[in-house]
Structure formats: C-alpha cells, structure tokens
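Notes for the one structure printed next.
Here is the naming used below: chain letters follow the sequence lines, and residue numbers restart at 1 for every chain.
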Amino acid sequence: MEHRPLPRTKRAPSCTGFSTFFNLPYEKTLEDVDFVITGIPFDTHVTFRPGTRLGPDSIRDAYAFQMYSDAFGITLFDHIKGVDYGDLNVINVNPNATHECIKKEVAKIVSACVIPICVGGDHSIAYPELCGYKESIGKVAILHFDSHSDTGYHEMPSDAPHDHGTPFKDAIEDDCILTENSVQIGMRGLTGPMSKDYKYATDHGMTVIPASELHEIGIKKAAERIRKVLGDAPIFVTFDIDFLDPIYAPGTGTPEGGGFSTWDAIELLRYCLIGKNFIGMDLVEVNPIYDKTEKTAQAGKRIINEFLTLLACRKAGITSYEEFGY
Amino acid sequence: MAKEYEPGFNTYKSLPYKADLKDCDYVVCGIGFDSATSGKPGTRFAPDAIRTCYWKGMGYNQNLKVETSVAQGTDYGNMTLKHGYILPSFHIITDEMRKFLEAGVIPVIIGGDHSITLPELRAMYEFYGPMALIHFDTHRDVRCTGTKYDHGNPFSRALEEGIISPEHSVQIGIRYSIHDVEYWNFGQKEGMKIIPASRMLDIGPDEVIKEIKEQVGDMPAFLTFDIDCLDPAAAPGTGTPRAGGPDTYFCRKVIREIGTALDIKGFDVVEVAPDIDIGGLTLQAADGLLVDMIGTIAKRKELGTLVRGSGKNLHPDNPKRTLEIEEENMKSDENSKGRPEATGIRTFCGLKAETDLENLKDLDAVLFGMPYDCATSNRPGTRFAPRALRKFWGFNPYSIEFGFNAHENFEARDFGDFNIYYNSINETMHSVTKQLDKILASTDAVTIGVGGDHALTFAELRSMEKKYGKMAFIHFDSHTDTWDAPDENGNCMINHGTPFRVAINQGSLDATHGIQVGLRSGGEHDHDFAREHGMTIVNAQTMHKIGIEETAKRIRETVGDKPCFVTFDIDFIDPAYAPGTGTPVIGGFTSSEALKLIRLALPGLNIKGMDLVEVAPQYDTGEITQYAAVQIISEFLTCLSYTKNVLHK
C-alpha cells in the first residue's frame with residue numbers, strides 16, 4: 001500500500017471514511033515509511049481535569065490538514081511517507097504496564113530509523129518515550145514547549161512517584177536527556193519561573209525561556225538562542241498544547257493564560273528546527289471534553305502537520321527558512 | 001455538635017461539617033477517585049458537583065412520608081487520595097471507612113468510579129462480616145480478565161476475598177456483557193442473582209422489589225448504585241453509558257422500598273462525571289438517589305428498625321490478608337494486555353475493517369457508512385453520523401437477552417464509507433446503488449447501511465431488488481416517508497421524505513408485505529398511498545395502545561418468510577431519548593422499547609438488508625442518540641447471529 005494520504009473519494013468531504021491521522025493508511029508497519037503517527041490515549045497521571053485519553057481520536061477527526069506548505073513551497077507527501085500506526089496498547093488503569101509498552105514501542109520505531117510522532121495522552125508519556133530513545137539511540141536533547149516545566153513542582157509520595165508534572169525530572173534522574181542541549185520554552189504555570197522546578201531544570205544545565213521572556217524578545221531572537229543551544233544534538237520535540245494560550249487551546253486539563261498563538265507556535269517550530277537534527281516528536285494534553293469548538297484539536301493537528309513539513313523539507317534538501325536567513 | 005452550616009462552604013444539603021459521629025446516624029463523604037476508569041474519566045469531580053445540587057437542606061421526603069432530619073447526618077468532606085495510584089488510594093479509603101464504622105454510623109459515599117466500592121466493602125466486612133450486595137448497574141463489574149483492580153472488577157475481587165455473600169446478593173439493571181458466557185456466569189452458581197435491564201423493565205418495580213427482598217433477607221447489606229444503571233437519557237454524564245435502561249422514577253421507587261425494609265449498612269452512588277454531563281441532568285439524578293437513600297435511614301429510625309453498628313471490628317486481621325491477596329494479584333497484573341482490538345482505527349461496533357470485496361464472501365454481515373445528508377428537508381448533519389457512530393462499541397459477545405454467545409460463528413466486517421457525490425442527489429443515489437451492487441455480487445452476507453439521511457434507503461433498495469426481487473420491508477419511523485414530491489412531469493422526486501413512494505412505484509418493494517411502525521406524522525395523501533398499495537401501518541397511536549408484543553406479532557405476520565429489508569429511522573425513538581436527528585417528533589418510544597421490539601420482531605425472518613439512518617450528531621446532547629443508535633445496530637447483529645446460530649441450527 002502507498003504510505004501516503006489515501007486519495008479522497010472524488011468529491012467527498014473530509015468527514016467521510018475511516019478516521020486516521022491525515023487520512024494516512026492505517027498499518028502497523030515500519031517498512032517503507034519515514035514516520036509513523038501513533039496515539040497514546042493515556043491520562044491516568046493527570047493532576048486536574050482528565051480526558052486526554054480521548055485526544056488522539058479528536059486529532060484524527062479534526063479538520064486541519066495543509067498538504068502544501070506555502071512557507072517552504074513544497075507538497076509534503078512528494079517527499080515523505082508515513083502511516084497511522086494506530087494507538088499503542090495503553091492500559092489506563094495500569095500505568096506501569098503502559099510505561100513499559102510506550103518505551104518498547106518507541107525504541108522499536110526509532111531503531112528502525114523511523115520518526116515516531118506520538119499523540120497523547122497526558123505529558124507523563126514523555127518519560128517512557130525518552131527511555132525508549134535512550135534504549136535505541138542514546139541520550140537526546142529536548143525542545144519542550146509548555147506552560148509548565150514538568151520537572152516536578154512538589155514532593156511526590158514514595159508510593160505515588162509520577163504524575164504529568166514530573167516526566168522531565170524523571171528523565172533527567174534516569175539520565176535520558178542531553179540537558180546542555182535542551183530547551184524549555186513558554187513556562188508560566190502554577191509556581192512561576194523562579195520556583196523549584198525551574199531551578200531543578202537550570203541546575204541540570206537546561207535552558208529555560210519562560211513566557212515572560214519569550215513575549216519580550218520575540219520569536220526570532222528566541223529561535224536564534226535556541227538554535228545555538230540545540231547545536232547538532234538529536235532533538236526530541238515535545239509539545240504540550242497548553243503552551244498555547246487558552247484562547248487558542250481551551251481543550252486541555254491545566255490551561256494557563258498569558259500564552260502564545262498558534263501562529264507563534266508554528267513560526268517558532270520553523271525557525272528552531274529547520275535544518276536541525278530532529279528525530280521525533282510528541283503532541284500532548286489535548287482534551288476534547290473541554291474543546292467545544294474543536295479548535296484545540298485543530299491546533300494540535302496543525303502543529304504535527306508543521307513538524308511533518310519540516311521533515312519533508314529535510315528530505316527535499318531545504319535547510320533554511322528563507323526570510324529568516326538560516 | 002459541630003458547627004452549623006456556614007454560607008460559602010458547601011456541605012451536602014447544608015449538613016454540619018465533621019460533627020461528632022456519636023451523635024450521627026449517617027455520614028456523607030466524597031471519594032473523588034477516577035484513576036481506575038476504563039471509559040471516559042472525570043468522576044473525580046462528582047462529590048463537589050453533587051454538593052451543589054439543590055442545596056437548601058434536608059426536608060420532608062414526600063415519597064417516604066418522613067422528615068429527613070429525624071436522622072442526624074454530617075458531611076465529612078472528601079478523602080484525600082493519590083491520583084493515578086490505585087492500591088495506595090484503596091488503603092486510604094479502607095482506613096477512612098473504618099473510622100465511620102467504628103462509630104456505628106451508616107456511610108453514604110459519593111464516588112468516584114466504581115473501583116472504590118471494593119475498599120469500602122473491605123471495611124464493611126471487618127465490622128459486619130460478609131454482606132449482601134445490592135448492586136444497580138449496566139455492567140456486572142466482575143470482569144474475568146484485564147487488570148485486577150479497575151472499575152470493571154470490584155465484585156469479582158469482593159467475591160474472591162469472601163467479603164460479600166453471593167447467595168444474598170443481587171445485581172439489577174445489567175445490560176452489557178463484555179466477555180462471553182464465563183463473565184455472565186461468574187458468581188451465579190454461588191447464588192448471586194441477576195435482574196437484567198430487559199427483565200427489570202418487563203416485570204416492573206413491585207416485582208423487582210419483591211425479588212430483591214427475597215434474595216437479601218435479613219442480612220446486613222450494602223447498596224451500591226452505578227449511575228449508568230439509568231438510561232443515558234436520564235444520566236448521560238458518565239464514562240460508560242448504555243442505552244436501554246430504567247428511568248429515575250423506577251430506581252428511586254425500588255431504593256425507597258428496599259431501603260426501608262432491609263438492614264442496609266452503607267450506600268454509595270458512583271460513576272457520575274460532571275464535565276460530560278448535560279444541564280446537570282446526571283447530577284440531579286444522583287442527588288435524587290442520595291435523598292431517597294438518606295430518607296430511608298430516617299424512615300427506619302422513625303419506625304424503630306434502624307440498628308446502629310456495634311463499632312466492634314470482627315476481623316482485625318483482614319488488612320493483612322488483603323495485602324497478601326493484593327500482592328498475589330499484582331503479580332498476574334504485570335502480564336495484563338489490555339484489549340488489542342482497541343488499538344487500531346475506529347470501526348462500527350469495534351468490528352474488523354475489510355475494504356477488499358474479495359474477502360467479503362464468507363461473511364454473515366457487512367456494514368458500511370453512507371455519509372450523505374443533502375436530501376434532507378429540515379436540519380442537515382447526518383453526514384457526520386458514520387464517523388461518530390464508529391466511536392462506540394456495544395455488540396455484546398454474550399447476549400444477555402437471548403442467552404447465547406453472539407460473536408461465535410458469526411463474522412461481520414466494516415467496509416468503510418461509500419463514495420458520495422455531495423453536489424448531486426441523483427449521482428449519489430446511482431453511486432450508492434452501484435457500490436452496493438458490487439458488495440451483493442461478492443457476498444450473500446446481510447448488508448447493514450449506516451446513514452446518512454433516509455433517501456439513501458431508496459438507493460439501497462434498488463440494488464437489493466436486482467438480487468432478491470421485490471422485497472418485503474419493515475420500516476421503523478415517525479414519518480411515513482411516502483410523501484409526494486412531483487417534478488414537472490409528475491414523477492415523484494427522491495428526497496428523504498419520499499424513498500418508499502419512489503421505491504414502491506419503481507417496483508423495488510412488495511407493499512403488501514410491507515409494514516410501517518411508529519408513524520406519528522404525515523398527511524392523508526401518504527396514508528391513502530399506503531392503503532392503495534396494501535401496506536400495513538401500525539402508527540404510534542396504535543402501538544402505544546396494543547403494546548410491543550402485539551406490534552412485533554403484526555410485523556412478523558406481515559413479512560412472513562419473504563426476503564426482507566429492515567430500515568430504522570432513529571426518529572422512531574422519542575426525542576427525549578434520541579434528540580440528535582433532523583426531524584424529531586415527540587410522542588415516540590423509549591430506546592429500551594425500540595430494542596425490545598427489534599428483539600421480538602426480527603429473529604428468524606428472512607432478512608437480506610438493513611439500515612439505520614438519520615442520526616445527526618450535532619443535535620445530540622451527551623451522545624445519547626448515538627448510544628441508542630449503536631445499540632440498535634448491535635441488536636441487528638445479535639438478531640442475525642441468533643437466527644443463524646440458534647434458530648436455524
């Protein structure tokens with residue numbers, strides 16, 4: 001089967017046919033593909049409003065697909081191939097088994113030199129994902145878009161050590177992250193930039209650009225700084241939808257005002273990642289229960305779409321975002 | 001006594017906050033734990049949300065004829081739990097429950113998902129020994145596989161741990177059987193009694209009350225009410241709803257009677273998920289149940305039959321035993337696999353997808369979507385139905401009502417959606433006919449179409465006729481769909497109000513063996529047309545009077561053994577149960593009545609094709625129409641399997 005979006009039946013609208021990511025064929029294969037998109041409908045580690053287990057399907061359904069990129073002037077699927085890998089075998093009531101499953105699957109995908117795009121689910125899935133990367137190709141840098149630093153803002157009891165606010169603390173403790181090459185951006189949640197979690201990240205060598213700073217210096221300046229930090233490291237992009245302002249993404253468990261627009265996010269991705277060695281991404285915390293108009297799912301889908309565009313650019317040999325001059 | 005209610009702090013019905021338990025008869029406490037949920041989560045918010053219901057305080061219970069304040073109560077707030085961690089949270093729950101029971105009061109718990117009932121029962125057992133369980137639910141919650149402590153499991157664990165007494169326990173309202181007969185039989189040979197929803201509705205509340213009383217006797221009992229026992233039309237705000245349940249009147253009547261008569265030592269109401277509720281419907285339903293539960297405590301106190309707990313722990317070694325059992329169970333949990341079939345793309349009823357005509361040959365049923373809504377006269381939107389309906393499961397492996405394994409020796413597949421041409425009704429009709437022709441040429445399976453609007457049925461019939469000749473038909477609807485819409489030449493045009501007139505005129509249907517059921521709109525012309533062609537009509541007026549059984553009988557008599565097409569317009573069901581449709585008409589039937597009619601009418605008939613049309617998800621609230629629609633498709637499949645595997649064996 002062609003691992004490109006299935007041709008739409010003549011004049012049929014997008015709400016028809018089996019629902020898959022970007023209308024790609026559903027196939028559990030790692031052959032003849034550049035990327036796979038897989039759902040991880042796990043939300044047991046949410047601290048406030050659960051429901052992100054419904055995220056993958058809401059993104060499959062969402063109306064947001066840009067086949068042609070006018071920023072780079074290419075048609076995505078002239079250059080890349082991929083499939084909807086289905087959902088991972090998540091058991092919401094068994095976090096340990098789920099953790100193992102994610103780790104194993106991600107390692108398998110990465111080992112096959114395929115780029116995994118994981119659609120959450122809550123942010124706790126980033127930790128097993130990073131374990132999977134470590135197992136297959138070693139430590140990776142993270143480019144982390146979020147309103148929370150997710151490096152553990154409070155003490156966790158010993159019999160309940162993880163939640164969706166701890167994945168990067170867990171991953172640093174487990175030595176999965178090239179911290180010196182890693183960037184967290186957009187932080188504004190809960191405890192503010194001077195808190196313990198921010199300190200934990202910077203103490204371990206990560207660069208943190210809080211929301212206040214990003215608003216002040218703007219996208220291009222920030223991107224310049226980020227590119228320097230990222231260097232040539234393999235980059236795992238982890239995008240928590242609450243990086244966006246609740247105006248753009250209300251459908252999430254822990255929204256924080258004072259965020260960024262979808263356009264900001266897309267531009268930031270382009271400027272930061274063009275020509276860089278990105279090796280995978282996840283898009284987490286889309287929660288359709290609070291997403292009345294579907295706009296959060298559309299935003300999430302479009303961000304994945306932009307990541308695919310950047311991948312297509314790599315394949316097409318485009319290494320700079322022209323107007324920016326890289 | 002503790003402090004009186006203070007404005008600004010919401011206790012349940014303004015009960016005093018954390019009063020001395022010695023002065024109390026009952027204690028209300030919230031357990032907002034939902035990390036053991038397999039469906040939609042969100043029950044963690046239920047305790048606080050239910051406290052906001054009609055807050056004025058405990059008054060006179062008119063149904064029980066008792067002043068509720070006769071019994072003293074207190075609100076102990078919510079337990080502080082560890083989200084995401086089941087067993088650590090369970091131990092907190094058992095410890096807290098123990099405090100209530102040491103004081104001899106009756107706990108009235110607001111969940112949370114249903115997993116919390118297990119740690120509650122563990123504490124109850126320590127003080128009262130093995131208890132009678134009175135369990136209202138859609139699901140038996142005794143799943144044999146999967147993880148050990150999730151919300152589908154509390155009573156298999158409770159039975160294994162010996163903390164409930166099966167021969168005095170009863171489950172009421174059951175209508176979903178997730179596994180095969182093994183799941184269904186669990187606990188039954190030990191004496192556990194089941195009153196399935198279909199039987200419950202057949203025999204009525206008085207008989208249900210009688211049977212529960214007989215089963216429980218004078219044992220100390222625990223009453224647990226999973227809100228999904230109610231029909232989704234009455235309680236949409238829950239993670240795993242299922243159409244075909246009782247209403248609140250029925251359940252509250254049963255609770256009042258048995259609560260007054262039996263020695264109930266504890267209550268809980270679980271699985272209310274406020275953020276997926278619609279207009280507070282589910283919250284109010286839960287609050288009503290709690291009011292009657294607490295009312296029965298007051299009534300028993302007034303009658304002098306309320307027995308206060310001794311506060312003596314009869315099984316102090318139970319916590320140690322529990323830990324040992326848990327350790328053993330968790331070992332086997334490490335291998336739990338989840339459900340692999342749930343990890344792919346969505347299909348109708350979770351069936352396998354099959355888009356290759358070659359592979360349809362030996363199937364029993366082929367389902368396909370027809371996402372087209374441009375022949376609609378009123379509100380469009382049914383184009384979204386096939387995708388929306390693929391979100392839901394529902395096809396019971398074990399059919400509770402027919403008593404057989406419906407999945408065994410029965411193969412059905414989802415063929416995907418038909419090719420549709422949005423800008424032309426005629427092209428779409430031709431396209432659907434042509435695509436169905438291809439399916440019918442490659443298989444003798446029963447085809448089940450999912451609309452889309454009702455005009456598509458005409459396209460299907462044109463194809464069916466080529467293979468099976470003029471067909472008998474059964475048409476469930478609130479409309480006649482035999483309007484006349486003549487073009488300039490006087491020929492009736494096709495739209496979603498005319499398919500049966502056009503199909504009869506063109507010779508696809510045999511009107512003398514056709515029956516229309518549930519009609520409650522339409523003009524004299526339509527009825528004249530039906531009469532002229534010898535069609536049988538059982539309109540809603542008649543059906544309400546003669547009842548479901550007699551209607552089913554007339555359907556079977558009309559159709560006989562002719563090759564038959566079954567078409568179900570969702571607006572046959574009343575808009576209270578199925579609001580999500582373009583042209584709803586009040587005065588219809590409940591979803592459980594519709595399901596019962598299908599079960600009585602269809603088995604054994606020579607059915608060649610079926611469809612379910614006119615679901616418009618945007619006009620739906622709380623997905624209740626979609627749950628009803630999926631249940632109808634599932635019932636179609638069950639009837640086909642029953643015909644093949646039981647009747648024609």
Contact class of [X] relative to chain A, heavy atoms under 4.5 angstrom:
{"X": "B:Arg390", "value": "side chain"}
{"X": "B:Phe415", "value": "backbone"}
{"X": "B:Pro41", "value": "both"}
{"X": "B:Phe45", "value": "side chain"}

Considering residues, nucleotides and ligands other than A:Lys104, do more than 12 of their heavy atoms fall under 6.0 Å from its NZ? no

For the CD1 atom on A:Ile247, are there more than 12 heavy atoms of other groups (residues, nucleotides or ligands in this structure) within a distance under 6.0 Å? no

Just so I understand: if I count every heavy-atom pair under 4.5 Å between each of A:Thr38, A:Asp43, A:Asn96, A:Asp57 and chain B, which residue has the most? A:Asp57

Using non-hydrogen atoms only, which part of A:Pro161 is less than 4.5 Å away from chain B: side chain, backbone, both, or neither? both

Where do [X] and [Y] come nearest, in terms of heavy atoms and distance?
{"X": "B:Thr37", "Y": "A:Asn92", "value": "O-CB, 4.1 Å"}
{"X": "B:Arg44", "Y": "A:Phe48", "value": "NH1-O, 2.8 Å"}
{"X": "A:Pro95", "Y": "B:Gly84", "value": "CG-O, 3.7 Å"}
{"X": "A:Pro50", "Y": "B:Asp34", "value": "CG-OD2, 3.6 Å"}

Value for CG (A:Asn94) from CG (B:Asp150), rounded to nearest 0.5 Å, stands at 9.5 Å

OG/B:Ser38 to CD1/A:Ile91 distance, rounded to the nearest 0.5 angstrom?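 Going from OG on B:Ser38 over to CD1 on A:Ile91, the span is 11.5 Å.
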
Would A:Asp163 and B:His83 count as a side chain to side chain contact (heavy atoms under 4.5 Å, CB included) if you check the C-alpha gap in whole Å, the side-chain angles of each, and the deciding distance to 0.1 Å? CA-CA 8 Å; A:Asp163 67 24; B:His83 285 299; over 6 Å; no

Among residues at least two apart in sequence or on other chains, which ones pass salt bridge (charged side-chain N to carboxylate O under 4.0 Å, His left out) with B:Lys82?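 For B:Lys82, the residues satisfying salt bridge (charged side-chain N to carboxylate O under 4.0 Å, His left out) (neighbours in sequence not counted) are A:Asp159.
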
Taking salt bridge (charged side-chain N to carboxylate O under 4.0 Å, His left out) as the definition, give me every residue that meets it alongside A:Asp61, ordered by chain and number, with sequence neighbours left out. B:Arg346, B:Arg387

Quick check: under 4.5 Å, non-hydrogen atoms only, which of residues 282-294 of chain A neighbour chain B?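 Residues A:Ile289, A:Tyr290 are the ones that qualify, each having a heavy atom under 4.5 Å from chain B.
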
Determine yes or no for a side-chain-to-main-chain donor-acceptor pair under 3.5 angstrom, with A:Arg53 supplying the side chain and B:Gly39 the backbone.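 Judged by distance alone, yes, a pair lies under 3.5 Å.
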
Partners meeting side-chain contact (heavy atoms from CB on, under 4.5 Å) with B:Thr355 (sequence neighbours left out):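 Applying side-chain contact (heavy atoms from CB on, under 4.5 Å) to B:Thr355 gives A:Phe18.
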
